[in-house]
Structures are given as structure tokens and as C-alpha cells.
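Structure first, commentary second.
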Amino acid sequence: MAPVGVLLWRSLKAYQVFGANTDVGKTIFTTLLCNASRRFRPDEQISFLKPVSTGSVDEADDGHIKKFASQTSTKTLFQFEDPVSPHLAATISKQSTPADHVVLETIRHHAASRALDGPGWLFLETAGGVHSPGPSGTTQADLYAPLRLPVVLIGDSKLGGISQTISAFESLRIRGYDIESVLLFENGHYDNHSYLSEYFAGEHGISVEAFLPPPLRVSDRDSDIAAMIEYYEKASSTEKARSVVDNLESRHKDRISRIEAMASEAYDTIWYPFTQHGRLSPSRITTITSAHGDYFQTLVPNSSSNPSSQSLLQPTFDGSASWWTQGLGHANPKLTLAASYAAGRYGHVMFAETIHEPALELAKTLLETMNNPRFSRVFYSDNGSTGMEVAVKMALRATRERYNLESGDKLHVLGLRGSYHGDTMGAMDSTEPSVYNEKVEWYDGKGYWFDYPTVICDNGSWQVQVPRSLEGHLGATQEYGSMSEIFDINRRRQSEVYRSYESYIRTSLERLVREGRRFGALVMEPLVLGAGGMIMVDPLFQRAFVDVVRNSADIFSEGGPTSEDPDPQAWTGLPVIFDEVFTGLTRLGPLSSSSFLGVGPDISVHAKLLTGGLVPLCATLASTSIFKAFESTDKTDALLHGHSYTAHPIGCQVALESVKELRRIEEGSTWDWAKQSWKEASGQASKKGQSGHRQPVVWSAWSESFVSEVSKQPQVSGVWALGSVLAIYMKDAVSGYTSNSAARVQEALSKGVSSSGDGSWNVHSRVLGNVLYMMASQTTKREDIERLEGLLRKAIE
């Protein structure tokens, strides 16, 4: 089953009718809309759709439409006999309960068939109120959100109806619905429509129309029907009815024209990140109208020349997880409500020497979640780059204090080639010269960056590949039976390979210090160097690097005086910083990617998945011994770093919800199907590490058989997959960021899958030179992964 797309066609004006409450007249107003559309647009098809209905078929809403809105096509998709809430009716019923995606796909299929009939209208009527549950129990506000249909909201004209109507509006608005019109009955006693007209027009620019209520029922059936026919005849012919129809048609046309103009307007006004505008054109800009789950909804290329019955939008898989931030699905209602709560309660409040509950609870939750006994403090900043600036400041000061260095002594960092820690000046200076910084006038790289062995699946074989420049120190490339064998750090630490790593690193450090270099920190991205090219480093090499640095106080102090901290969790040698902005919080599987190495850092930095991709926030976690390096009575000794939006409550509240959800996923059964598949492929078993904690299971959402198959393709030089990440290295005479070899696969993915049933979809992806990478979210379903693997096979072939 293809992913569900937003319902938008030129030929079909589709609207969803929500009610502010039960018994507000949804069906009456829908019938009125069908009749008014027929009257004022006589050449167009009129359709009514009831996705879910409960109660007797004889009293179903589509029967009312058939009776009182002639020439209207009617359809009910799922009918349950018991006159109760759909979730309960589905439970009682003998028929199977349709899953949410089945309901949505059935709606889309029906709407697409209506679009083929030519110009027309489709009114989709919901059941009960905005939060009445659907068959699965998902409330309708969340169930129908992926369709992004514009809404006609039927207000409540009774006592308490003002509150009900505004509450319903806010529930829909928070979830990204566009409310195009509010309709309700006139009620002179309460006069709700007067207040609501002023409220919606003044605050939101939404028109409100009030209609006379229908006549009271009479016992004589024929008289009752005649009275209703006369009511609809009069109500649908009023100027109010014409105004509603004209307004909805105008909104429909405006929506399309806005969407189709966006790329050209953006081309003239936006300066894009990581983009060479000399090679950009409007046709290369993807217009995103909304997002839900793992998918954007994007404008179909060349839509202006498409037949009017062809969908203008298509689902587009977010293949970069929106630059590695998205983990719990776009428009996740839990995160949305968390943000709304904090925005309504706090807005933003300054943070220096103040505290609010979201910041405190998040700090406590992060310290518990990371399960690193070294950590005791949390420093908040705006994003990963600024969080890394903070981390480096922390580490260099701690080193200076520990080794009694002079303020004029220039301290460098140790790291790995190809590292990337962000675009602020300090973060750039912590990396070697590269395409990201070589043309930045103030760049001044301050460090030494080691080369290292890498992990890859090449032609079906898992390998630790050693660069030629290091073969004399570390030996030749090694082959392993599975990726899990490479990650068996406890066993491999007993090997000759580990000892060669140790010897090479220590010898190199001694040489660098003899040459006059001074170092203040070890800075690494655990396991995977993201922006540097999705490079997976041999975890044993990184573990050896940490071990050597922590056991080398004699090297870094140069024989001078030191004041070792008696705290058993204090840093030794140099402070170790792990940049987990990309690799942390279950992106690679476990909550902390450092658990793969079996060793914890003194400072770690977390962002991106921290808030599930909703708002910017970063947390830098540090040990007590790092914190104490800044503690004195002199203000100038403090960590003089901060941002106006430090620990903003919205970000903290969202992050708190996100971390809790990620913990639940990591500890639960969400990914059992993937874990079991990789266990069976490798025969791995959970083992205890040196600290007593179990080494994390090595698994990926991307199947091991798929990784092996792709690695054997003649145009592929290697593949790896871990957690939700997949990286495919295309062969090219030119490697690195300037290569264009992966762009050809990227283009094939963007063309996607076309379907005559209007079920087209594609993939939005990013490349890093010759590397195409793909990311699932932490909530991606197995069927989506299998669908993507199929498209990737075709794109590569």
C-alpha cells in the first residue's frame, strides 16, 4: 500500500466537515453545502463521503444526503451497526477494525476517483466531535491530519457553544488544519454567532455564517420530508449560501496559486544553506506544503501542465530525517501539545540564575538517560554547533587548570580526520581544513586529526579497512563474519589489533608533544562521522584512542605539576568530548552511541533528536570535575557563554517529551522485527562489558540482506547500516564532497514511483559527495522500509 498523500486536485474542491460537538448539525450543513454547490455550480459534480458511520443503515447520514441533496454522489466507507462511538462500535462488531492507514488510503482512493469525474466538490463528513475517536481509537483530529483537507467547522449554537466552537478550532489549528469557514445555526437566545463572527473574523480572518435552523420534526413522515425539502430549497438559495460556496472556491484557487508560486518566489528571496546558487533554479526547489510521519507532502513537478484530475501533491519520504533531526514523525501530536503547553504557560523566560520546571526536569531526565556516572551537570544552548563550542570551552579550561598552564599557551584538540562539529567559529576551528571551512576567512584549525580504519560492507563482506598510510602501523584490511563481530569490543580489546592501535596512537602523541604541540581535549563523533561523509570508524580504534588519552597524563603534563582529582569519575589525561549531536539518542540504536565503545565521555553534546525535530535545543552534559574548573568567587572565571534563548521552555518541554518517548522505544518492542533479523543474520548475543552493562545489540532498520545485496552492485564501493541510518558509497574517480556520483541515484529517487491509481510517491534525499545516505525515523514502519529498499534497488541499478 502506497503512502497516503494530501488530497489536492484542480478539478476537485475537497473539504472536511468537522463538528464542534455532537448534535450541532453536521449532516444538515453538509446537505446544505451539497445543495448550494449544485445550485451555484450547476455544471460540477457534487459528492458526499462519510468515512466512518455507526448505527442503523436506515438512519445513516448518506441516506439523508440521498433524500435531500439530489444528484449528489454518496458513499460510506465503514459502517458499524451499533449506535455508539466508532472505536466501541468497531470493538463490538464482528467485522475487523480498519487500521488508520487503511481508512486514509480508502478515503484517498475514493477522492481520486471523484477527481477523475471532472470539476466538482467533495464534502467529507466526520463523526461526532473533533476528538471523537475513529475505529482504532485515534481521535479524528489526529486520524485525518495526514490528508490536510481544509475544514468547514460546524459551530455549536447552544448554551456553552462558544467555548466548544473555539476549543474545537484550537484543537484543529494546533494540528495544522486550515479552517476556511465556520457555519452554525442562528439562535437568538444565545446569539453565539455574533460573538464567533467577531472572534474569528477579527483574530483569524475566517468568515462565519449563521443559518436558520431546520424545522422541528413532525410525526407525519411525508409532512416532515416536505418541510425539510422546503428548508433546503430556501437555505441553499440565499446569498449566505452563495457566499459560502464562493468563499470555498476562492480559497481552493488561492491555495493552489500560492503553492505553485512558492518555488519561484523562494528563488528570488531565499539564501539557502549548503547550496551553490549558481547551480540553482526554481525547478530544483522542492515545495513542501505539509509533513506528517515520515513524509513531506510536496508539489508534483510541472504540476501546472498536469491534467486537472491529477493530484498536485505527492507523498515524499523524508530521506535525511530533515537533516537528521526528525525521529518521532513530523507533526507528532505529543510533541505539538508539549510545545503548545509551554508556549501558553511561559513563552520564553530568561534563564540566568532562574529555573523553570521544563529545564529542571529535562536536565534530570538526561542525566538519568545517559547512564554515565561521570555526568552531573547540564548546560543548555541553541543547537549542536553552539553546544560543541561550549564543550570545547569547558574542556580547554579544565586542562589549563589541571596542568597549571599559562593563559598565553595555545591549546589544540585531538580528533579524527573528516570530523565536523558545526559552523560556528570555535566548532570549525576544532576540525581539520575541509570544504566546509577552507574558504572561511577567520578559520584557524587548532588541532591534530588522526587517520583511522573504517567499517564497511564490501561485496557482501564486512571489513575493517585500513588506509594505506597506516598499513605499516596497523596492518592490512581485516574481514569479519558480521558487523556484530566488529562491534564486539570486549573480545577485540584482547587482540593484537587493539595493541597495534594503542601503540600507534601513543607513539603519535609522544611525537606531537615533542614537536611542541599542547592539547586540551579529545573530540570525537562516536562511531559515525556524519557531515564528513557518513564514515563509520572502527569502534575499537575509537576505544583505543580514549584509553590511551586517559592513561597519558605523563604525556600531556610534560612532566610538570598536576593536581589529580581524587574523584574516581574525574577526567584523566585529557577531557574526552563526544559529539553525539547526530549519533545519539537512538539514531544508531542505543540512547547513547558511546555505549558501543563501552566507555563514557567527560562531556557529551546532544541536539537534533533531542526535540524530535520540532524546535532547536542543545544540551551539553559534563562531569563534576569539568564543572569545578570554572568554580570560584571571581566572575571572570565563570563559563561566560550563553544565548538569549538558553533553555527556552518550549524546547525543554518538547525535549522532555521526546526523550521519554525515545526511551520507551529503545526499551520496548518497536524495533524487535529489525533486531531479530540482524541477530539471526549474525548470531550475535548480548554480552556484558567492563562496566557490567550489556553491550548494545547491533542492528539496523535496513535489512542485512539488503545491505549485502547492494554492496555487490558493480557501481557501489561499500555500504553500512546501523540503527536508522543507511550509507551507500558510489564508485567515482573523485571521492568526497565534490563528487557527483551519488547525485544520479538521488535524482532517480526524486522521480520515485508513478501509479495510475494516483498513488505516486518519491524520496527527498541528501548526498555527501559520492555517498548517498538514507535515514528512517524511530517510528518508521517495516513496510515503509521494505518499500524504500525496493526503490533504492531500482535507483542504484
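Sequential numbering from 1 along the given sequence is applied to the chain's residues. We use all heavy atoms of the structure for the numbers below, so side chains are in, but hydrogens, waters and symmetry mates are not.
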Query raised in the report: So, Glu786 and Arg782, do they make that salt bridge, N to O below 4.0 Å?
Result: yes
Report task. Only one of Thr74, Thr76, Thr126, Asp61 passes side-chain hydrogen bond (donor to acceptor under 3.5 Å, both in side chains) with Lys50; say which it is. Result -> Asp61
Query raised in the report: So, do Arg663 and Thr586 sit near enough that their side-chain heavy atoms are less than 4.5 Å apart?
Result: no
Report task. Measure the shortest side-chain to side-chain distance between Trp324 and Val581 over non-hydrogen atoms and say whether it is less than 4.5 angstrom. Result -> no
Query - Validation row: Phe706, Leu792 side chains within 4.5 angstrom (heavy atoms) - result: yes
Report task. Taking the side chain as every heavy atom from C-beta outward, state whether Leu299 and Thr289 have any atom pair closer than 4.5 Å. Result -> no
Report task. May I ask you to test the Glu125-Leu49 pair for a side-chain heavy-atom distance under 4.5 Å? Result -> no
**Report entry** N-O pairing of Glu747 and Arg744 below 4.0 Å
**Finding:** no
Query raised in the report: Between Arg10 and Glu260, is the closest basic N to carboxylate O distance under 4.0 Å?
Result: yes
Query raised in the report: For the side chain of Ser708 and the backbone of Ser705, is there at least one donor-acceptor N/O pair under 3.5 Å apart?
Result: no
Requested in this report: State, with a plain yes or no, whether a side-chain heavy atom of Phe18 is found less than 4.5 Å away from one of Ile179.
Outcome: no
Query raised in the report: When you check the side-chain N and O atoms of His131 and Ser171, is any donor under 3.5 Å from an acceptor?
Result: yes
**Report entry** Carboxylate-amine/guanidinium proximity below 4.0 Å for Arg251 and Asp254
**Finding:** no
